Engineer: 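Quick one: the structure is below, questions incoming.
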Amino acid sequence: MKLVTWNVNSVRARLERVVAYFRKAAPDVACLQETKIVDADFPVEAFRELGYHATFHGQKTYNGVAILSREAPADVVRGMQDGDPDADARLLAVTVAGMSVVDVYVPNGQEVGSPKYDFKLRWLARLRAFLDKNFRKEQPLVVCGDFNVAPEDRDVWDAEKWRGQVLFSEPEKAALKQVSDFGLIDALREKNQDSGVYTWWDYRNGSFPRGWGLRIDHFLMSAALIGRLRAVTVERDERKGPNPSDHAPVVAELESPA
DNA sequence: ATGGCTACTCCTAGTAGA
């Protein structure tokens, strides 16, 4: 069982690369973020030809999440449904392959102290409430996506430069921990203690070839799934070459359920 | 070389991303 999370930075601009990656990696379930496309225009056919059901929650220009799955998903939930007046398409939840899958695109936050930063912290608090309301920590549950938070020094290419900055400020780390404290484990860290494992590199300044990256895309899994976890890897090669997303896919491989 | 921003919009400049 192969799960992928990938911020594609426009599924339309990235379609050729995304299709090529799906052919090569053949994920069973893939969560995409920043699709930047309205539902009416989602490239359903391109994924159908690859053998995937497409479930999506998008909007014009910004945000947007999608789940591609070999099996047809059930229990589709678009957005947190918590009454908060927030039109952003940033969360999509389904049941598929015997597990609950929550695909999230956490707000970027722009700058510490800005209104968008406050929105980000509130959004993460709402995510915890969404989990409390809809799931139990004992069930097979994966919450994955672009969290826009690097949890630890080893997840940042220059921790001193980034300390206190957006993506690496203490309130953001605390808000992410509140989400994990539902009963979820950072799957990559279950299998890999290395520093320098990054999932995003700025388009500017030659950040990728210089190794200037951050680990901000995560798989958070309940114990039931961690028990089946074989490996978590970052598909760094997908950041290379023409027209890359600024994020690389992250892959989690699970044993079949007992 | 893995390479120096990119994608979007009632578009050619401004906004947002991270």
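Computed from heavy atoms alone, side chains included, the values below leave out hydrogens, waters and symmetry copies. Note that the structure is a prediction, hence the values are computed from the model and not measured. Residue numbers start from 1 in every chain, and the chains themselves are labelled A, B, ... in the order their sequence lines are given, proteins ahead of strands.
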Engineer: Classify A:Tyr105 by what it touches in the nucleic acid, base, sugar-phosphate, or nothing, heavy-atom distance under 4.0 Å.
Structural biologist: sugar-phosphate
Engineer: Work out how far the P atom of B:dT15 is from that of B:dC10, and round it to whole angstrom.
Structural biologist: 14 Å
Engineer: Measure the distance from CG on A:Asn148 to C1' on B:dG17 and round it to the nearest whole Å.
Structural biologist: 8 Å
Engineer: Looking just at side-chain N and O atoms, do A:Ser169 and A:Tyr117 make a donor-acceptor pair shorter than 3.5 Å?
Structural biologist: yes
Engineer: Mind checking if A:Asp146 touches a base, just sugar-phosphate, or nothing, with heavy atoms under 4.0 Å?
Structural biologist: sugar-phosphate
Engineer: Expressed in angstrom and rounded to an integer, what is the separation of A:Gln59 atom CD from B:dT15 atom P?
Structural biologist: 18 Å
Engineer: Using atom C1' of each nucleotide, how far apart are B:dA16 and B:dC11 to the nearest Å?
Structural biologist: 16 Å
Engineer: Produce the list of close N/O pairs, under 3.5 Å, pairing protein atoms with atoms of nucleotides 3-9 of chain B; give distances to one decimal.
Structural biologist:
{"unit_1": "B:dG3", "atom_1": "OP1", "unit_2": "A:Gly241", "atom_2": "N", "d": "3.1"}
{"unit_1": "B:dG4", "atom_1": "O4'", "unit_2": "A:Gly206", "atom_2": "N", "d": "3.0"}
{"unit_1": "B:dG4", "atom_1": "O3'", "unit_2": "A:Asn205", "atom_2": "N", "d": "3.1"}
{"unit_1": "B:dC5", "atom_1": "OP2", "unit_2": "A:Asn205", "atom_2": "N", "d": "2.5"}
{"unit_1": "B:dC5", "atom_1": "OP2", "unit_2": "A:Asn205", "atom_2": "OD1", "d": "3.4"}
{"unit_1": "B:dC5", "atom_1": "O4'", "unit_2": "A:Tyr203", "atom_2": "O", "d": "3.3"}
{"unit_1": "B:dA7", "atom_1": "OP1", "unit_2": "A:Arg14", "atom_2": "NH1", "d": "3.0"}
{"unit_1": "B:dA7", "atom_1": "OP1", "unit_2": "A:Arg14", "atom_2": "NH2", "d": "3.4"}
{"unit_1": "B:dA7", "atom_1": "O3'", "unit_2": "A:Ser10", "atom_2": "OG", "d": "3.4"}
{"unit_1": "B:dC8", "atom_1": "OP1", "unit_2": "A:Ser10", "atom_2": "OG", "d": "2.7"}

Engineer: Under 4.0 Å between any heavy atoms, over every strand shown, what does A:Leu214 touch: base, sugar-phosphate, or nothing? Just pick one.
Structural biologist: nothing
Engineer: Taking the C1' atom in each of B:dG4 and B:dT9, what is the distance between them to the nearest angstrom?
Structural biologist: 26 Å
Engineer: Assess, by modelled atom type and distance only, whether the side chains of A:Ser222 and A:Glu138 contain a donor and an acceptor separated by less than 3.5 Å.
Structural biologist: no
Engineer: Could you tell me the separation between the CZ atom of A:Arg236 and the P atom of B:dA1, rounded to a whole number of Å?
Structural biologist: 16 Å
Engineer: For B:dC11, does the glycosidic angle fall within 90° of 0 (syn) or outside that (anti)?
Structural biologist: syn
Engineer: Is the terminal nitrogen or CZ of A:Lys173 (NZ for Lys, CZ for Arg) located under 6.0 angstrom from the six-membered ring centre of A:Phe168 and within 45° of that ring's axis?
Structural biologist: yes
Engineer: Check side-chain contact (heavy atoms from CB on, under 4.5 Å) between A:Glu45 and all other residues, then give those that pass, not counting sequence neighbours.
Structural biologist: A:Arg48, A:Glu49
Engineer: Whole-Å distance between B:dG17 C1' and A:Glu111 CD?
Structural biologist: 14 Å
Engineer: Indicate, with a heavy-atom threshold strictly under 4.0 Å, whether A:Asn63 touches base, sugar-phosphate, or nothing.
Structural biologist: nothing
Engineer: To the nearest Å, give me how far apart CH2 (A:Trp212) and P (B:dT2) are.
Structural biologist: 19 Å
Engineer: Using a 4.0 Å heavy-atom cut-off, does A:Gln165 contact any base of the nucleic acid, only the sugar-phosphate backbone, or nothing at all?
Structural biologist: nothing
Engineer: Please state the C1' separation for the pair B:dA1 and B:dT6 - nearest whole angstrom.
Structural biologist: 22 Å
Engineer: Nearest heavy-atom pair of A:His247 and A:Arg239: which atoms, and what distance?
Structural biologist: N-CD, 4.5 Å
Engineer: Does the side chain of A:Asp202 come under 3.5 Å of the side chain of A:Ser207 through a donor N or O and an acceptor N or O?
Structural biologist: no
Engineer: Would you kindly give the CZ-to-C1' distance between A:Arg90 and B:dG17, to the nearest whole Å?
Structural biologist: 10 Å
Engineer: Give the other cluster members for A:Phe22, using side-chain heavy-atom distances under 4.5 Å between Ile, Leu, Val, Met, Phe, Trp and Tyr residues; answer none if it is isolated.
Structural biologist: A:Val4, A:Trp6, A:Val8, A:Val11, A:Leu15, A:Val18, A:Val19, A:Tyr21, A:Leu32, A:Ile37, A:Phe42, A:Val44, A:Phe47, A:Leu50, A:Tyr52, A:Phe56, A:Leu68, A:Val251
